[in-house]
Amino acid sequence: MKVTQKGKSNGSSWIRTRALMIKESHQIIRDPSSLLIAFALPFIMLFLFGYGLSLDTNNLKIGVVMEDLSNDARSLAYAFANTSYFDARLGHSRKYFENELISGHIRGVIVIPQDFTENLRKGEVSPKLQVLSDGSEPNSATFVENYASGVFLTWLIANGYENATRTSPLLDVEPRFWFNPELSSRNTILPGCITIIIAIIGTLLTALVVAREWERGTMESLMVTPVKIREIIISKIVPYFILGMVSMLFSVAICMVLFGMPFRGSVFALCIISSAFLLVSLAGGLLISTLSKNQFVAAQASLVSAFLPTTLLSGFIFEIDSMPAILRAITWVVPASYFVPSLQTVFLAGDVWPVLLPATGIMMLIFILLFTITIMKSPKRLEAS
Amino acid sequence: MVKEFHAVWRDKKTRFLLIFPPVVELIIFGYAATLDVKNVSIGILDEDNGPVAREVAQRIQGSTFFTKYHYLRGRSEIKNIIDTQKAMLVICFPQNLSQDVSSGKGSTVQVILDGRRTNSSQITLGYLSQIIGRYNIQLFESTSKHVIRPEIMIRTWFNPNKIYCWFTVPSLIGTIMAIEVIVITGLSVARERELGTFEQLLVSPLTQWEILIGKTAPSMIIGLLEGTFILVIAMIVFQIPFRGSFFYLYFSIPFYLLSIIAFGLFISSMAKTQQQAFLGIFVFIMPCFLLSGFMTPVENMPQWLQQLVVINPLKHFLVIVKGIFLKDMPFSDVVENIYPMIFISAATLPFATWMFRKRLG
């Protein structure tokens, strides 16, 4: 008797879950805003990230102050004007360019001092070049300084002063950038963007949808039906999981077609890591909505717990190793900090399973943890009877 | 107006949201949002086993920049250690390096970097080149007596040590104010409409303008308080020098807030439910945030996009707030960045009001 009842309840459990899933899917398809989020959002975001976010510092605006008017000084100034690193304006007034630096119109000033040629010719005192950079943009400042040194050294060598400049003859450095030889920062930023898209769809959308059911009281009406809480949760996860995966594949397609990103891994690996991350995000969204039961709070909470860590603590722009120890410890529980390197690897390096497998494992662990908490926190007491 | 202020303050959850997220954001952003590179792991492959390779390796280990070292046994290990991201770069000292250097023939060390971390690996390469460059100079000085080397005097203004949070924290004054203000204005009308209290307001003897001002003023005040709060933390906790004029800063904040509020009211009047309002806010705040120069510099964007971001109030305010904070910006430069914000408000406010009226009508 017991056995048959159990068997029967298992069978009907599947039927109930499936019915709920179908209802949930209908809801998604009927509600244009969900579909809008799944397809318009990735498009807009990839567009913004792809064009708007760039760490490729080219054409830095600088001013070159020529206090020395000799041919040598002129030739050096033109060297600064002609390189693609800089967008240089030439002038004679140091004060003018210093003010431009304050107003933020330029990021650096290069001063060719009066005694420049004299020192260069005499060869007794070192020729000096001054570089002022704008420290309120520390990253650009570093690039101004490095590029300026580079242009100066190249100019010295090209103009036959190389005997005075043999600074690196004995030991040379030959750099090779693997996976991304053209050093395009877009290739590292776009995987981060896909991560954010999945996190938003997973967390924000589910959090809002479920919180709305609580607010409207339809959740309570579901609860008085014989449906188990586990079934409700599964029926919420599956349709949004499919929505998220479709949206992810759509995003990857945009990256490859529109931005010409290489894809060196396999679709199989991509699906595995994305599923793990999407499940974590969905579970996070469900947990938030179960705890808050209020759209306003759910929205804020998912913003704070999903969007911010995904943007800041995942390492796609800001390097995790550079953070203080406490924050590095926090990133251990941020799922995105596992997903971003995995996605970058699949795009640029290929299927490196020693990277992908542990990352997937940890994300699944976080998922199971969140899922269990959600079930425990769900106030369904009716199933006891 | 007083009622609006109460409405925001009374709700415990809202109050919590007004105070808690800014503090968390400030701390996380202040410490996490850095493009600095530190604590780099490096792989060292020494096929030379001579004094030169040992000297360079020692110099690498002596720097605080590299903190983890992996000694590799063969070329075959390079792929593995880079692929799995255990090291960001591998430096290879070739055979006979020491011999070639001491005989004056010269040699090359190969450096393999992880291109997945574009910015960091470039900065790391710059740092490594400096270490080797300094070593070269010493080598050269020991072999020849008379050396002239060109000097570049580098001075970084406003932030001599290039501390990254001197850039992020002042920028946060602008970003956090924007988030708070847009959430308050964006959701206020939508929530009232959902609860049905908006209709009550409409039948009250208040004119539309009075309602509008009542909705605007509290956001303005909360925004100002929020900004001041972050300013104080920036100066006390983060120890960032405030070099400019408080007057200029507080003169420009209202213009900035007004342009944000205008967007908020616009979203508010469009949305029927809180969920829609929230999505609207999100759609506004994302590009506003990303295309402001806060995450990456505006100059790096393509030209057409640079012209488009003129309509982003945050972009202009960031120039002002960083300028006043670190550079002691003169008033003329401040005004130059206030103009666009006035134009933005002048364009969006009447539009928002019109939408409002249409909805009310």
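These figures come from a predicted structure and were not determined experimentally. Every chain is numbered from 1, with letters handed out A, B, ... down the list of sequences.
In this structure, the side chains of B/I78 and A/W178 come closer than 4.5 Å at one or more pairs of heavy atoms. For the pair A/I44 and B/M286, the minimum side-chain heavy-atom distance is 4.5 Å or more. Looking only at side-chain heavy atoms (C-beta outward), A/R328 and B/N39 come within less than 4.5 Å of each other. A 4.5 Å side-chain heavy-atom check between B/S121 and A/F177 finds at least one atom pair inside the cut-off. Side-chain contact check for A/I102 versus B/D328: every heavy-atom pair is 4.5 Å or farther apart.
If you measure heavy-atom distances from B/L125 to chain A, the contacts under 4.5 Å come from the side chain alone. Contacts of A/L132 with chain B are made by both backbone and side-chain atoms, with heavy-atom separations under 4.5 Å. Residue B/L305 touches chain A through its side chain alone, counting heavy-atom pairs closer than 4.5 Å. Only the side chain of B/V183 comes within contact range of chain A, with heavy atoms under 4.5 Å apart. Heavy atoms of B/Q122 lying under 4.5 Å from chain A belong to its backbone as well as its side chain. Only the side chain of B/N119 has a heavy atom closer than 4.5 Å to any heavy atom of chain A. Only the side chain of A/F47 has a heavy atom closer than 4.5 Å to any heavy atom of chain B. With a threshold of 4.5 angstrom between heavy atoms, B/V319 approaches chain A through side-chain atoms but not through N, CA, C or O. Contacts of B/L128 with chain A are absent, with no heavy-atom separation under 4.5 Å from either backbone or side chain.
Defined by atom type and a distance below 3.5 Å, a donor-acceptor pair is missing between the side-chain atoms of B/Q85 and A/T345.
For the atom pair CG (A/D321) and OG (B/S120), the distance works out to 8.5 Å, reported to the nearest 0.5 Å. Annotation: the span from A/E319 atom CD to B/I123 atom CD1 amounts to 9.5 Å, rounded to 0.5 Å. Note that OG of A/S103 is 8.5 Å distant from CG of B/N337, once rounded to the nearest 0.5 Å. Separation of atoms CD (B/Q303) and CG (A/N59) is listed at 8.5 Å; rounding is to 0.5 Å. Once rounded to the nearest 0.5 Å, the distance linking CZ of B/R117 with OG1 of A/T188 reads 11.0 Å. Once rounded to the nearest 0.5 Å, the distance linking CG of B/L291 with CZ of A/F49 reads 9.5 Å.
The choice from B/N300, B/D333, B/N159 that makes the most heavy-atom pairs within less than 4.5 Å of chain A is B/N300. With respect to chain A, the highest number of heavy-atom pairs below 4.5 Å among B/V309, B/I320, B/T296 belongs to B/T296. No other option in B/G115, B/G323, B/P297, B/P160 has as many heavy-atom pairs under 4.5 Å with chain A as B/G115. Per-residue heavy-atom pair counts under 4.5 Å with chain B were compared for A/T311, A/V355, A/N139, and the maximum is reached by A/N139. The candidate with the highest count of non-hydrogen atom pairs below 4.5 Å against chain A, out of B/V111, B/L308, B/D114, is B/V111. Ranking B/W166, B/F158, B/F325, B/Y135 against chain A, the residue ahead of the rest is B/F158, based on heavy-atom pairs under 4.5 Å. Most heavy-atom pairs under 4.5 Å with chain B: of the set A/I200, A/D134, A/N146, A/I330, this distinction falls to A/D134.
Within 6.0 Å of OH on A/Y85 lie no more than 12 heavy atoms contributed by other residues, nucleotides or ligands.
Pairing each heavy atom of A/V352 with each of B/T84, the nearest pair is CG1-CG2, 4.4 Å. Listed here is the closest heavy atom pair of A/S136 and B/F167: O-CD1, 2.9 Å. Of all heavy-atom pairs between A/G135 and B/T156, the closest is CA-CG2, 3.5 Å.
In this view, A/Y338 satisfies the ring-ring contact (aromatic ring centres under 6.0 Å, His included) rule with no residue, not counting sequence neighbours. Every residue was checked against the side-chain hydrogen bond (donor to acceptor under 3.5 Å, both in side chains) condition with B/T168, not counting sequence neighbours, and none meets it.
In this structure a side-chain-to-backbone donor-acceptor pair under 3.5 Å is present from B/K327 to A/L101.
A salt bridge between A/E145 and B/K162 is present, with a side-chain N of the basic residue lying under 4.0 Å from a carboxylate O of the acidic one.
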Evaluate the side chain to side chain contact (heavy atoms under 4.5 Å, CB included) criterion for residues A/F179 and B/I82: first the C-alpha distance (whole Å), next the side-chain angles of each, then the deciding distance (0.1 Å), finally the verdict. CA-CA 10 Å; A/F179 314 126; B/I82 294 271; 3.7 Å; yes
B/R116 and A/F347: side chain to side chain contact (heavy atoms under 4.5 Å, CB included), yes or no, with the steps? CA-CA 9 Å; B/R116 279 169 288 183; A/F347 264 111; over 6 Å; no
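By the 30° and 60° cut-offs, the orientation of the rings of A/Y51 relative to B/W304 is perpendicular.
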